[in-house]
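Position 1 is the first residue of the sequence; numbering continues from there. Predicted model, so just to flag it, every value in this text is computed and none were measured.
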Amino acid sequence: LHSDILYSALFPLLYWVIDKKIAIRLAYVFFIGYYYLNNVLKDFFQTPRPDDPRIAVLYEETSFSFPSGHAQGTTVFWGYLAMQLRRPWFWAMTIVLIAAICLSRLYLGVHYPSDIIGGILIGVVVLALAAWLVPAIERTVTRWPWLQQMALGTIVPLILFVLFPTDDGARAAGILFGVGIGLPLEAQTLRFSPGGATGQRIGRYVVGLVIMLAFYLIPGMILPDAAIWRFLRYALVGFVMVWLVPWLLIKLRLLHAGGNV
């Protein structure tokens, strides 16, 4: 329940089917507040994984231990989503989900309790900063011309990629770069609304995932496995999700253009 596969399915679901503004806010909070921050902190502390012979390690991990990426990532993703949806039942589910994932990391023998507690606390700090900063940034940037928005949306990921050119850094920066191009373009050319009947929503989600999967798999089979190519591959995926798939879905009459959402 904390994997690239799951998040790759959930972000399009939010963007195409439920609420595209929440999806975009969550993408920036998650990729910066989890992907980048967690890797930077792990490299800074360089805490080894548990290796006491009395601990039964059931799953091998090669990265550093503190803070727990599972604890931080699930707290940031599900916590921010709960903040946006504001449903008591969703908050309850979020708390249970975070607790279960964190306990599973202890059971597998890949983390100390301090790693888990640290990851949750860092995630809570990220959520507090997001609650404060995201609305202010959104109010400012939405008043800019669309080309200026695109410049900001591409320059920031490029800087992050230069500072952190690892596999995870290339993936996160690439997606944000593609989103940075596609989002202002979508607002100028499509302005789609993710509403519609249940059957239409299911149809657009299935068709959109198939298209996204093709743009994810085919470049992966062609491009070399280097950081710059990984960056470009995920930039393509981000752009496809934000602009190309909605454009195709509008042509297929599975999505409506010209909305205000």
Side-chain angles (χ1 to χ4, degrees), residues 1-31 77-78 80-87 89-90 93-94 97 134 138 141-142 146-147 149-150 153-154 157 171-172 174-223 231-261:
L1 295 175
H2 173 76
S3 66
D4 289 340
I5 294 174
L6 178 68
Y7 296 130
S8 297
L10 288 179
F11 275 113
L13 178 66
L14 286 169
Y15 186 71
W16 303 330
V17 178
I18 299 175
D19 190 314
K20 66 183 183 182
K21 285 188 176 181
I22 290 179
I24 295 302
R25 293 176 192 140
L26 180 57
Y28 280 99
V29 172
F30 181 71
F31 285 111
F77 184 92
W78 295 103
Y80 190 77
L81 198 52
M83 287 168 55
Q84 293 292 296
L85 296 179
R86 300 177 183 178
R87 299 288 190 273
W89 67 268
F90 197 89
M93 185 200 76
T94 295
L97 183 61
V134 170
E138 193 174 61
V141 173
T142 52
W146 70 279
L147 286 176
Q149 294 178 22
M150 188 180 293
T154 53
R171 182 186 296 113
I175 289 175
L176 293 180
F177 185 88
V179 169
I181 295 175
L183 196 61
L185 192 61
E186 188 280 328
Q188 284 293 309
T189 60
L190 304 179
R191 297 186 62 81
F192 75 87
S193 173
T198 301
Q200 188 182 45
R201 290 175 188 242
I202 294 173
R204 86 168 68 121
Y205 182 61
V206 172
V207 172
L209 276 184
V210 171
I211 297 170
M212 261 194 69
L213 188 62
F215 277 94
Y216 171 77
L217 291 177
I218 294 174
M221 294 184 291
I222 299 172
L223 297 176
F231 172 86
L232 293 174
R233 177 188 179 190
Y234 281 93
L236 178 62
V237 171
F239 178 77
V240 167
M241 184 190 81
V242 172
W243 189 85
L244 184 60
V245 167
W247 179 79
L248 291 171
L249 292 175
I250 290 169
K251 297 298 181 181
L252 295 172
R253 301 183 184 277
L254 292 171
L255 199 59
H256 298 292
N260 294 320
V261 179

Roughly how far apart are Met241 CE and Leu209 CG, rounded to 0.5 Å?
11.0 Å
Name all pairs fulfilling the salt bridge (charged side-chain N to carboxylate O under 4.0 Å, His left out) condition that reach into residues 1-15, sequence neighbours left out, sorted by first residue then second.
Asp4-Arg171
Considering residues at least two apart in sequence or located in another chain, which fulfil the side chain to side chain donor-acceptor pair (under 3.5 Å) criterion with Gln84?
Arg25, Tyr80
One should read off an interatomic distance between Lys21 NZ and Leu26 CG, to the nearest 0.5 angstrom, of 15.5 Å
Any side-chain heavy atom of Tyr28 sitting closer than 4.5 Å to one from Val134?
no
Check: Phe11 main-chain N/O paired with Trp16 side-chain donor or acceptor under 3.5 Å
no
Rounded distance [0.5 Å steps], CE in Met83 versus CZ in Phe90:
12.5 Å
Non-hydrogen atoms of Thr94 and Ala82 that approach each other most closely
OG1-CB, 3.8 Å
Of all heavy-atom pairs linking Ser193 and Leu255, the shortest is O-CD1, 3.5 Å
Kindly give the heavy-atom pair with the smallest separation between Leu6 and Leu1, and that separation in Å.
CD2-O, 3.1 Å
With a 4.5 Å heavy-atom cut-off, do Arg191 and His256 have their side chains touching?
no
Contacts of type side chain to side chain donor-acceptor pair (under 3.5 Å), residue Arg201, not counting sequence neighbours:
none
Residues forming a ring pair (Phe, Tyr, Trp, His ring centres under 6.0 Å) with Tyr15, sequence neighbours excluded
Phe192
Give the table of side-chain donor-acceptor pairs shorter than 3.5 Å for residues 243-252, with sequence neighbours excluded, one pair per line with atom names and distance.
| residue | atom | partner | partner atom | Å |
| --- | --- | --- | --- | --- |
| Trp243 | NE1 | Thr189 | OG1 | 2.9 |

With side-chain contact (heavy atoms from CB on, under 4.5 Å) as the test, would you mind laying out the steps for Glu186 and Lys20 before giving the verdict?
CA-CA 11 Å; Glu186 188 280 328; Lys20 66 183 183 182; 3.0 Å; yes
Using every non-hydrogen atom in the two residues, find where Pro12 and Met212 come nearest and quote the distance to one decimal.
CG-SD, 3.8 Å
Please report the interatomic distance CG(Asp19) to CG(Leu85), rounded to the nearest 0.5 Å.
8.0 Å
Do Arg233 and Tyr216 make a side-chain contact, defined as non-hydrogen atoms from C-beta onward lying under 4.5 Å apart?
yes
Within-4.5 Å side-chain heavy-atom neighbours: Ile175 and Phe31
yes
With side chains defined as the heavy atoms from C-beta onward, is the minimum distance between Leu14 and Leu81 less than 4.5 Å?
yes
Indicate the atoms forming the closest heavy-atom contact of Trp146 with Pro184, along with that distance.
O-CB, 3.6 Å
Around atom CD1 of Ile5, are there more than 12 heavy atoms from other residues, nucleotides or ligands closer than 6.0 Å?
no
The ring pair (Phe, Tyr, Trp, His ring centres under 6.0 Å) partners of Tyr7 (sequence neighbours excluded) come to His2, Phe30, Phe77
Leu236 side chain reached by Pro219 side chain, heavy atoms, under 4.5 Å:
yes
Correct closest heavy-atom pair for Arg204 and Val17 would be NH1-CA, 3.8 Å
Close side-chain approach of Trp78 to Leu10, heavy-atom, < 4.5 Å
yes
Euclidean distance, Ser8 OG relative to Leu213 CG, rounded to 0.5 Å:
9.5 Å
Would you say CG of Leu223 has more than 12 non-hydrogen atoms from neighbouring residues, nucleotides or ligands within 6.0 angstrom?
yes
